[in-house]
Number of protein chains: 2
Amino acid sequence: MGLSSAFKALSDPVRRKILYMLRERDMTAGEIAEKFDISWPTISHHLNVLKQAGMVVDERKGQNIYYSLNTSVFEEVVAFLMELWGRKETGF
Amino acid sequence: MGLSSAFKALSDPVRRKILYMLRERDMTAGEIAEKFDISWPTISHHLNVLKQAGMVVDERKGQNIYYSLNTSVFEEVVAFLMELWGRKETGF
DNA sequence: AAGATATTTTGATGATTATCTAAATATAGT
DNA sequence: ACTATATTTAGATAATCATCAAAATATCTT
């Protein structure tokens with residue numbers, strides 16, 4: 001299920017934009033939601049999809065919940081693509 | 001739409017397996033379908049999803065239709081992931 | 001304990017998706 | 001032209017998904 005949920009998470013532009021924002025700094029759910037013209041529950045849903053896919057981590061600090069990138073899954077995804085990309089018969 | 005359809009195409013294990021098989025050699029739709037316990041129309045549907053995403057190319061040769069990998073889209077996908085993966089503040 | 005703020009959960013809805021069977025199309029060989 | 005082979009298209013169904021409004025939960029402040 002790892003690769004499937006990761007690619008599924010990446011297939012939505014809203015979620016890709018969230019990941020792209022988190023690349024610069026950790027953000028609260030509210031900060032993230034403000035960047036979109038989408039309801040908070042929908043953003044919360046997207047964050048949950050990313051969390052289930054292991055691409056983000058959340059941590060509560062007081063009233064806020066901070067989200068941050070979890071790059072370990074990216075390794076798996078990139079590794080799969082590189083293996084696919086590099087043709088088998090190529091020896092180097 | 002490019003990245004979304006590419007990631008969506010990659011989110012299905014059947015389609016990932018098809019891509020993985022095509023890495024070794026070009027195959028006809030029939031050869032591909034034989035590898036799965038899924039109906040031919042369903043495989044045809046998956047091939048069409050991959051084609052729409054620009055990840056495979058099809059070419060008719062007589063009765064057969066050959067499918068082959070199209071790696072140009074992979075560049076785009078990997079580039080996006082690498083940009084996401086490499087943290088912004090890292091200078092090297 | 002009561003009110004304010006931040007975020008998620010619930011329940012509902014319309015859109016998309018994976019799958020099937022049956023029918024249609026295209027090519028090759030007789 | 002007819003038949004066999006290869007593959008896709010059409011039509012239907014059940015499952016999943018993105019979205020919203022309303023309600024619930026958690027933490028902080030007073």
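Convention: sequence-line order gives letters A, B, ...; per-chain numbering from 1.
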Legend entry - Close approaches to DNA chain C from residues 8-19 of chain A, in residue order (heavy atom, under 4.0 Å): none

Legend entry - For DNA chain C, the residues among residues 38-60 of chain B that have a non-hydrogen atom under 4.0 Å from it: B/Ile38, B/Ser39, B/Pro41, B/Thr42, B/His45, B/His46, B/Arg60

Inset, instruction - Grab the CG-C1' distance between A/Asp37 and D/dC20 for me, whole Å please. - result: 14 Å

Inset, instruction - Specify the separation, in whole Å, of atom CE of B/Met27 and atom C1' of D/dT7. - result: 15 Å

Inset, instruction - Answer yes or no: is there a side-chain heavy-atom contact under 4.5 Å between A/Met55 and A/Leu10? - result: yes

Legend entry - Passing candidate, side chain to side chain contact (heavy atoms under 4.5 Å, CB included) with A/Leu50, options A/Asp12, A/Asp58, A/Leu19: A/Leu19

Inset, instruction - Mind listing the closest non-hydrogen atom pair of A/Leu22 and A/Met27 along with its distance? - result: CD2-N, 3.8 Å

Legend entry - ILVMFWY cluster, B/Val57 and A/Leu84 together (side-chain gap under 4.5 Å): no

Legend entry - Any A/Asn64 side-chain nitrogen or oxygen under 4.0 Å from OP1 or OP2 of D/dT27: no

Inset, instruction - Enter the distance from A/Arg25:CZ to A/Tyr67:OH here, rounded to the nearest 0.5 Å. - result: 15.5 Å

Legend entry - Side chain B/Arg15, main chain B/Lys17, donor-acceptor under 3.5 Å: no

Legend entry - Student check: side-chain heavy atoms of B/His46 and B/Phe36 closer than 4.5 Å: no

Inset, instruction - Shoot me the first and last contacting nucleotide of DNA chain C against chain A, ordered 5' to 3', at under 4.0 angstrom to non-hydrogen atoms. - result: C/dT5 to C/dT9

Legend entry - A/Asp26 to A/Ser68 - nearest heavy-atom pair and separation: OD1-CB, 3.1 Å

Legend entry - Nearest non-hydrogen partners of B/Ala6 and B/Val77, listed with the distance: CB-CG2, 3.7 Å

Inset, instruction - Using whole Å, report how far CZ of B/Phe7 lies from P of D/dC17. - result: 17 Å

Inset, instruction - Looking at every strand, decide which applies to B/Tyr66 at a 4.0 Å heavy-atom threshold: base, sugar-phosphate, or nothing. - result: nothing

Inset, instruction - With heavy atoms under 4.0 Å as the rule, sort A/Phe36 into base, sugar-phosphate or nothing. - result: nothing

Legend entry - Side-chain donor or acceptor of A/Arg60 paired with backbone N/O of A/Gly62 under 3.5 Å: yes

Inset, instruction - Is it possible for you to say whether B/Phe74 and A/Phe80 belong to one hydrophobic cluster, with membership spreading through side-chain heavy-atom contacts below 4.5 Å? - result: yes

